[in-house]
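Working notes, structure below.
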Amino acid sequence: MIGVFDSGYGGLTILKEMQKYLPDYDYLYLGDNARAPYGSRSFDIVYDFTLQAVKALFKRGCPLVILACNTASAKALRSIQQNDLPLIDPTKRVLGIIRPTVECLPEITRSGHIGLIATPGTVNSHSYRMELEKMHPSMTITEYACPMFVPLVENNEADSPGADYFVKKYIDGIMAIDPDIDTLVLGCTHYPLLSAKIKKYLPPHVNILAQGEIVADSLADYLRRHPEMDERCSRMGTTEFLTTENPEKFNILASLFLGKSVEAERISLPS
Ligand code: DGL
């Protein structure tokens with residue numbers, strides 16, 4: 001199975017696109033809902049929690065794990081790849097979602113002015129800025145934290161009038177810093193659930209870049225380039241769900257994200 005990890009429900013927006021692009025593969029989704037959100041947690045805590053989740057997915061047979069969470073990709077990916085994987089099992093792989101997102105920006109922007117909205121953790125890590133400076137040094141990026149977005153989504157308030165207040169406030173905030181932004185990256189996997197409202201308050205010429213399709217496309221490309229990993233990924237078209245919270249609660253909200261019913265199993269971390 002291909003492991004897909006997020007702090008909560010947000011990674012389901014990535015999983016949904018993976019299932020569309022690569023429907024034959026088997027997926028094991030893990031949401032650490034009991035400890036979400038990760039967005040305001042410190043570097044060390046996000047790293048510890050993410051490593052525990054990766055180990056749990058490895059233990060259940062995943063040779064490849066996608067961190068479908070920007071906060072975990074920003075704060076834990078590099079250490080896991082460089083320090084932990086060689087000790088745990090050098091044949092397994094953990095991939096993040098920030099690099100593939102930054103890679104595709106030249107196809108979308110004309111002004112070269114990029115806006116990033118994300119959790120405080122992702123923004124403070126400056127992972128997007130660092131990747132952009134490496135890959136596309138002529139572009140500029142404005143990073144803007146939206147701490148209320150994940151709680152709105154996790155509490156099923158994404159369509160409420162309360163969400164309008166915060167979406168308008170954050171969109172006005174980032175556009176006031178750089179009015180030349182023509183591409184807004186939704187740098188948190190929860191945010192596609194707010195995209196209708198984000199669109200409503202953004203100037204119409206600004207493109208919204210959500211990560212689901214980009215990550216699914218980059219996973220397909222990775223599997224093509226790594227046939228030895230591709231062979232290890234089973235293909236029966238199944239998806240299983242694990243959560244660290246109450247599974248009934250997970251099933252209700254996850255079904256809204258995916259548009260179909262879901263049966264999760266509860267696990268504890270570390271497991
Ligand atoms: N969905 C996660 C992300 O992409 C973070 C949500 C959280 O704060 O836990 O950053």
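Note that ligands are numbered from 1 as they come in the structure, with each ligand's atoms numbered from 1 the same way.
By the 30° and 60° cut-offs, the orientation of the rings of Tyr170 relative to Phe166 is tilted. The aromatic rings of Phe250 and Phe241 sit tilted, their planes meeting at an angle between 30° and 60°.
Side-chain atoms of Ser111 and Asp180 include no donor-acceptor pair closer than 3.5 Å.
Each salt bridge (charged side-chain N to carboxylate O under 4.0 Å, His left out) pair with one or both residues in residues 67-90, not counting sequence neighbours, would appear here, but there are none. Sorted by first and then second residue, the pairs that involve residues 97-125 and meet salt bridge (charged side-chain N to carboxylate O under 4.0 Å, His left out), not counting sequence neighbours, are Arg99-Glu131.
Taking Ile, Leu, Val, Met, Phe, Trp and Tyr as hydrophobic and joining them when side-chain heavy atoms fall under 4.5 Å apart, one finds Ile80 in a cluster with Met1, Phe5, Leu28, Leu30, Tyr38, Ile45, Val46, Tyr47, Phe49, Leu51, Val54, Leu57, Phe58, Val65, Leu67, Leu77, Leu85, Ile88, Val94, Leu242, Ile267, Leu269.
Protein neighbours of ligand 1 below 4.0 Å, counting non-hydrogen atoms: Asp6, Ser7, Pro37, Tyr38, Gly39, Cys69, Asn70, Thr71, Thr119, Val150, Cys188, Thr189, His190.
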